[in-house]
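Worksheet: the structure to be examined is printed underneath.
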Protein chains: 2
Amino acid sequence: MEEGTSEVPRHSDCTDDACQWDHREDCEVRQILDRIGDKWSMLVIALLDNRCMRFTELRKTIDGISQRMLTVTLRQLERDGLVRRTVHPVVPPRVDYELTPLGVTLHATVQSLVTWTETHQTEIAAARARYDALNPA
Amino acid sequence: MEEGTSEVPRHSDCTDDACQWDHREDCEVRQILDRIGDKWSMLVIALLDNRCMRFTELRKTIDGISQRMLTVTLRQLERDGLVRRTVHPVVPPRVDYELTPLGVTLHATVQSLVTWTETHQTEIAAARARYDALNPA
DNA sequence: CAGTATCCGTGTGGATACTG
DNA sequence: CAGTATCCACACGGATACTG
């Protein structure tokens with residue numbers, strides 16, 4: 001924990017305003033980006049937009065997710081303050097999940113990334129085809 | 001390859017406009033998001049903004065990346081049409097990397113995610129601390 | 001229903017050595 | 001300098017079984 005290095009360690013010769021974040025392994029931005037970039041978190045965030053969903057409802061909607069990974073993902077998102085988990089003391093148990101206000105703001109940002117991907121997926125597919133044609137296995 | 005299911009398989013009870021993409025495992029959006037969400041791609045995209053950089057320059061700037069992973073990451077980005085690789089036939093070799101126009105558009109989108117993270121990282125840290133306090137290991 | 005617990009396969013990525 | 005080529009460790013995540 002070398003907290004002594006108090007300066008923001010952006011790379012030394014960076015003079016560009018757009019280069020706002022550093023690139024250390026322990027960079028907090030990267031910690032959070034790793035969460036967002038994991039296999040399932042974005043799917044859950046996207047689904048919970050404006051909506052409250054139950055565990056099984058999420059499980060059925062997200063194709064291919066295992067019970068374990070849904071639990072793990074929801075716990076992480078809850079820990080990060082992005083999702084609120086509400087347990088109803090009934091039998092059988094009922095647990096609702098919804099975005100927190102913080103989660104809602106993330107959803108908007110993630111949505112723009114999704115939109116970018118949708119907009120450009122044909123270009124990317126074309127680029128890949130071109131590359132693969134020029135670079136045989 | 002069940003191309004027969006021509007309908008977009010968004011979850012059946014979704015009536016929300018914000019729910020624009022489906023959640024299948026083979027969803028193209030997810031393929032691309034997986035690339036963007038991998039360990040190093042975003043770092044490279046972020047660094048190449050408005051700039052042309054050499055291999056070693058990237059290597060030195062991105063803390064913790066191995067030679068292998070930088071090569072792999074750059075090749076994937078090149079294949080996706082996001083980065084252009086230029087080899088100068090000199091000795092010793094010189095290879096420059098820069099964003100393509102498509103890569104530039106992605107950079108803008110990624111940057112908004114980075115900005116979100118920077119803006120909210122203290123909130124997330126607080127939420128984690130709160131959660132960890134309530135949920136002992 | 002909404003989980004936990006356990007086991008285990010695989011892919012991602014790190015370390016190291018070598019090369020045009 | 002800018003890579004390839006191998007080898008390998010470990011975290012991620014899937015399958016299965018069990019439970020309050």
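To find a chain, count down the sequence lines: A is the first, B the second, and so on, and within it residues start at 1. Note that the coordinates shown come from a computational prediction; the quantities given were computed from them, not determined experimentally. Atom set for the values below is all heavy atoms of this structure, side chains included, hydrogens, waters and symmetry mates excluded.
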Review point. Can you find a side chain N or O atom of A/R54 that sits less than 4.0 Å from OP1 or OP2 on C/dA2?
Key: yes
Practice item. State which residues pass side-chain hydrogen bond (donor to acceptor under 3.5 Å, both in side chains) with B/Q121; sequence neighbours excluded, sorted by chain then number. Key: none
Check your understanding: Out of D/dG13, C/dA2, D/dA2, which has the shortest distance to the side chain of A/P93?
Key -> C/dA2
Point to revise | side-chain hydrogen bond (donor to acceptor under 3.5 Å, both in side chains) against A/R85, all qualifying residues, sequence neighbours excluded | key: A/Y97
Exercise for review: Determine which pairs satisfy ring-ring contact (aromatic ring centres under 6.0 Å, His included) with at least one residue from residues 115-137 of chain B, sequence neighbours left out, and list them in order.
Suggested key: B/W116-B/H120
Review point. When the distance from CG of B/L70 to P of C/dT12 is rounded to whole Å, what number comes out?
Key: 17 Å
**Study point:** Atom pair distance, as rounded to whole Å: CD in A/Q31 and P in D/dA11
**Key:** 15 Å
Check your understanding: Do A/R51 and A/D49 pass the salt bridge (Lys or Arg N to Asp or Glu O under 4.0 Å) test, and can you show the C-alpha distance, the side-chain angles, and the key distance before you say yes or no?
Key -> CA-CA 5 Å; A/R51 180 173 11 215; A/D49 177 54; 5.5 Å; no
List every contact pair, protein side and nucleotides 3-6 of chain C side both N or O, where the distance is under 3.5 Å.
unit_1	atom_1	unit_2	atom_2	d
C/dG3	OP1	A/R75	NH2	3.3
C/dG3	OP1	A/R85	NE	3.3
C/dG3	OP1	A/R85	NH2	2.6
C/dG3	OP2	A/Y97	OH	2.6
C/dG3	N7	A/Q67	OE1	3.1
C/dG3	N7	A/Q67	NE2	2.4
C/dG3	O6	A/Q67	OE1	3.3
C/dT4	OP1	A/R75	NH2	3.0

Review point. Which string of ( ) [ ] | and . matches DNA chain C, if you list each base 5' to 3' and count Watson-Crick or G-U pairs only when both distances are under 3.5 Å?
Key: ||||||||||||||||||||
**Study point:** Residue-phosphate contact under 4.0 Å: B/S66 side-chain N/O, C/dA15 OP1/OP2
**Key:** no
Revision key, fill the gap. From CG of B/D38 across to C1' of C/dT12 the rounded distance in Å is 9 Å
Point to revise | Under 3.5 Å: donor-acceptor pair, side chain of B/T100, backbone of B/L82 | key: yes
Exercise for review: Please identify each residue that fulfils side-chain hydrogen bond (donor to acceptor under 3.5 Å, both in side chains) with B/T109, with sequence neighbours left out.
Suggested key: none
Review point. Taking B/E78 for the side chain and B/R75 for the main chain, is one N or O donor matched with an acceptor at less than 3.5 Å?
Key: no
Point to revise | A/R130 with A/D132: basic N within carboxylate O range, under 4.0 Å | key: no
